[in-house]
2 protein chains.
Amino acid sequence: MTGRARPAGADAPPLTERQEERRRRILHASTHLAGRGGFDAVQMREVAEAAGVALGTLYRYFPSKIHLLVATMQDQLQHLHATLARHPPGGADPADRVAETLMRAFRALQREPHLADAMVRALIFADRSVSQEVDAVSRQTTAIILDATGLADPTPQQLSAVRVIEHTWHSTLITWLSGRASIAQVRADIETACRLIDLPAEGPPGGEDAGGAARSPSGAR
Amino acid sequence: MTGRARPAGADAPPLTERQEERRRRILHASTHLAGRGGFDAVQMREVAEAAGVALGTLYRYFPSKIHLLVATMQDQLQHLHATLARHPPGGADPADRVAETLMRAFRALQREPHLADAMVRALIFADRSVSQEVDAVSRQTTAIILDATGLADPTPQQLSAVRVIEHTWHSTLITWLSGRASIAQVRADIETACRLIDLPAEGPPGGEDAGGAARSPSGAR
DNA sequence: CGCTAACCTAGAACAAGTTTCAGACTTGAT
DNA sequence: ATCAAGTCTGAAACTTGTTCTAGGTTAGCG
């Protein structure tokens, strides 16, 4: 909780080969344990043992369980993005393409519900100390969705729509994972949210001054 | 973790007066501790002490910290719903009224960000063992939103829109609470999601068979 | 080679959520 | 009033995330 020195500003010091290797083993162990058993099954001692590193070392690489799982998600998202790039969606308009992409991702997660559980629960439970990493995941997700739209130059409304779609994606996934929504409902809600992409711009003069770049300026650092 | 016998099917056995009183003290302590310090500050030992009950008793009333915080949220939502009923929103169309209602709720939460943190993090982190309680919160939230629309007889699309709005509400709140979104962004995203309410129906024959009642039928029990 | 700083390991220790247990107290029915 | 069942208390124990420490290893460098 203490938020130790983590100069992860943009570039951690470059890792040696052995270190890259360790990091990979840790992420692999995390993915594996998450795959059976979900969030609760990812126990730091077990991750350390499975990865063949000491507990202290695990904590040097990932300062908390949440950091570890968010990094695992980043890892998985990279695979996903690469896969999707090879098979772009074929829908007629942007909304259809986004919905198709997300449903494809959803079917992939259905095959690994425990892994999905671990990653998404970590992502949404993360507090300020994980802001940077969560933000990275968010950017990656946004990139995937924007890729799917095929839009070169989205309007601020569309960016807001993308955020709403992301929110819906995470939240509906959680709802499904904890057995409170059917798959049909997940699909319906994702398609509903995706309709926002195609919406014509609306111009109430007082409104949206919160365009894309409105990151929280100071945060807590 | 074990999911002990909790016959909370629909009606716990009616509590005696002393028991109601204890329950109230516990919720009060929880609210108070959450108000200072958020999720992490709600420590079960401290709640028990502040409420003047033994730890074991606390766990008899609320089988986990998550259950406790979700119940706290239910409590707060009741107040909110009552308050809102006294001052209905004044927007022109349903979307405006919903957005106004949610922004009003959001301003209330701004005054107690720690409490909001504790409740919302618990709500979205909850796993299957808390399904019932989370579902109750969800129903209550849906009721608040539907009240705001003023719609007597919402279409399935509108119900899906309401769910998307709820997802957005929770998720954007988390994003704000962990310092990754500005208030302007929260407002923009809520307004964006609310536009779905006013959308004309769309009729792709293959689509939404996941109307309102599609609760997961069996769950994991 | 020999030094030094950074890194790693094993293991203990600590913190907070959760469980357990023996005994005291309440309650309701006889 | 008395008994049985259920509840509450206080305290210890257990689990898992996290931190700390002492000593061994590695990597770069003179």
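First the proteins, then the strands, lettered A, B, ... as listed; each starts at 1. Owing to the predicted nature of the structure, the values given are computational and were not obtained by experimental measurement.
Between A:Y61 and C:dC8 there is a side-chain N or O to OP1 or OP2 distance below 4.0 Å. Close to C:dC8, at under 4.0 Å from its OP1 or OP2, lies a side-chain N or O of A:Q19.
Distances from the side chain of B:R45 to the nucleotides D:dT19, D:dC8, C:dG17 place C:dG17 closest. Of the candidates C:dG17, D:dC8, D:dG17, the closest approach to any side-chain atom of B:Y59 belongs to C:dG17. With distances taken from any side-chain atom of B:K65 to the nucleotides C:dA10, D:dT18, C:dG17, the minimum falls on C:dG17. Here C:dT27 is the nucleotide among C:dC8, D:dT7, C:dT27 with the atom lying nearest to any side-chain atom of B:R18.
Annotation for B:Q110: atom CD counts as buried by contact number, over 12 foreign heavy atoms lying within 6.0 Å.
Between the CD atom of A:E20 and the C1' atom of C:dC7 there is a distance of 15 Å, rounded to whole Å. C:dA10 atom C1' lies 10 Å from atom CG of A:L55, rounded to whole Å. Here the P atom of nucleotide C:dC8 and the CZ atom of A:R23 are 13 Å apart, to the nearest Å. Rounded to an integer number of Å, the gap from A:Q43 CD to C:dA16 C1' is 15 Å. Remark: P of D:dG17 and CD of A:E49 are 14 Å apart, rounded to the nearest angstrom. Per the geometry, NE2 belonging to A:H67 stands 11 Å off P belonging to D:dT19, to the nearest Å. Atom C1' of nucleotide D:dC8 and atom CZ of B:R22 are separated by 6 Å, given to the nearest angstrom. Distance, A:E46 CD to D:dG17 P: 9 Å, rounded to whole Å.
Ring centers of A:F125 and A:F39: at least 6.0 Å apart, outside the cut-off.
Between the side chain of B:T101 and the main chain of B:R97, a donor-acceptor pair closer than 3.5 Å is present.
Between A:E100 and A:R104 there is a salt bridge, since at least one side-chain N of the basic residue sits less than 4.0 Å from a carboxylate O of the acidic one.
Between the side chains of B:H67 and B:S64, at least one donor N or O sits under 3.5 Å from an acceptor N or O.
Looking at which nucleotide of DNA chain C each of A:L58 and B:G56 is closest to, the 5′-most match is held by A:L58.
B:T16 comes within 4.0 angstrom of no nucleic acid atom, judged by non-hydrogen atoms across all strands. Among the heavy atoms of the strands lying under 4.0 Å from B:V42 are primed sugar atoms or P, OP1, OP2 only; no base atom is included. Nucleic acid contact class of A:F62 (heavy atoms, under 4.0 Å, all strands): none.
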